Amino acid sequence: MACILVLTLFAMFLISFSANDVVGEPLFPAMYVFGDSLVDDGNNNFLNSLAKANFAPYGIDFSSGPTGRFCNGKTPIDLLGEKIGLPYLPPFADTTAQGGADIFSGVNYASAAAGIMEVTGRHLGERISFRKQVQNFETTLNQLKSQVNIEILSKNLSKSLTVVNHGSNDYINNYLLPKLYATSFICDPKSYADLLIQLYKKQILILHGFGLRKFLLGGLGPLGCIPNQLSRASAPPGQCVTYVNKIVSMFNDALKTLVDQLNLDYNGSVFVFGNTYGTLADIINNPNTHGFTVTDRACCGCLPMSTPCRNRSEYVFWDTYHPTQAVNIIIIDRALNGPPSDCYPVNVKQMAKM
Ligand SMILES: *[C@@H]1O[C@H](CO)[C@@H](O)[C@H](O)[C@H]1NC(C)=O
Ligand SMILES: *[C@@H]1O[C@H](CO)[C@@H](O)[C@H](O)[C@H]1NC(C)=O
Ligand SMILES: *[C@@H]1O[C@H](CO)[C@@H](O)[C@H](O)[C@H]1NC(C)=O
């Protein structure tokens, strides 16, 4: 708990176009997305940041080429949107100017390198923290209020899907960089996870206060298995960095506990934990079952115009941090249709009916 004081001062599924896929009426009227590079769809293009993906070979498998998505193709949010019947969401950065992008189906506020803590990712330049993303949502809300009847709007918000995917950078671009960030000297891993969840909860409750009621909260993946961490730490060949996976699991455990607590405290709302860790660990441990052969190297060096690996469908990781589209498809399939071990306590299709 001392850690909290001090730091306060420092101020998926295989795309099967089957009969039950969505056509016509969307499962949710809109989707609002808060997160990091795993779901950023172009907000960082407008920032003075090293964390950018608006150049080839990013987007090599995306219909409109490089857009700022940190993937060869679609992000989990693009895929989720397709499945629930929504168009690709505009990045918030595209919505603020006069005549900006349509905000009626939702907005994506995610920013690469950003995290729950304000300081997270600072060494990479500008980024939009979770707290600032929530402030940006308020800007959207004011835009909507000026255009839509308030009652219709609040009904819409209460049925809309809010997705939060934050926390990875608070580890890989903060806690695990002791030369650049003091957090690991101040907090042991458990207090750090608790601190992050406390700050996270605060933002969730602000969003709830704005009238959002359906929350999909993505857990962290096994960050000890991403090529970036494999190259930094000395894990035995073929193994992940155990320490990193262990501290990341503390965050996930605390997030799951938060989900239980919020579901009790806010009757009429639904909070869901997306077990990205479980799905990715399954893919990394059993790559062949899913059609992958390479789990420990990135397909793409991803410097501008660099040539990616020959067959990217064999790779779990596109660059040293981010999964390939093929992996995102599995993650979203499980989030939509999976049992409580994948998406807890209900999956996204069940959320839509609540
Ligand atoms: C509310 O939802 C409908 C779809 O159900 C959509 O057409 C409309 O634009 C939404 N309005 C707002 C303000 O979100
Ligand atoms: C939650 O609300 C529903 C109706 O909206 C009510 O039937 C139920 O008893 C409530 N549950 C709790 C635990 O308050
Ligand atoms: C690429 O990899 C996929 C998945 O392992 C495989 O099915 C496909 O045949 C490969 N394509 C080529 C051209 O080798």
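Just so you know, these numbers use all the heavy atoms, side chains as well, and skip hydrogens, waters and symmetry mates. Along the sequence shown, residues carry numbers from 1. Quick caveat: nothing in here was measured; it's all calculated off a predicted structure. First listed ligand is number 1; within each ligand, the first listed atom is number 1.
Listed by chain and residue number, I60, D61, R312, W318, T324, Q325 satisfy the side chain to side chain contact (heavy atoms under 4.5 Å, CB included) test with N72 (two or more places apart in sequence, or in another chain). For F271, the ring-ring contact (aromatic ring centres under 6.0 Å, His included) test picks out F215, with sequence neighbours left out.
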Please tabulate, one line per pair, the protein nitrogen or oxygen atoms found under 3.5 angstrom from a nitrogen or oxygen of ligand 1, with distances to 0.1 Å, or say none if there are no such pairs.
unit_1, atom_1, unit_2, atom_2, d
ligand 1, 2 (O), N156, OD1, 2.9
ligand 1, 2 (O), N156, ND2, 2.7
ligand 1, 11 (N), N156, ND2, 2.6
ligand 1, 14 (O), N156, ND2, 3.0

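M305 belongs to no hydrophobic cluster, as no Ile, Leu, Val, Met, Phe, Trp or Tyr side chain comes under 4.5 Å of its own.
Residue contact check: G291 has heavy atoms under 4.0 Å from atoms 4 (C), 5 (O) of ligand 3.
In this structure, the side chain of K159 does not engage the main chain of P29 through any donor-acceptor pair within 3.5 Å. Judged by distance alone, with hydrogens and angles left aside, the side-chain atoms of T279 form no donor-acceptor pair with the main-chain N or O of T276 at under 3.5 Å. The backbone N or O of S111 sits nowhere less than 3.5 Å from a side-chain atom of N43 that would complete a donor-acceptor pair.
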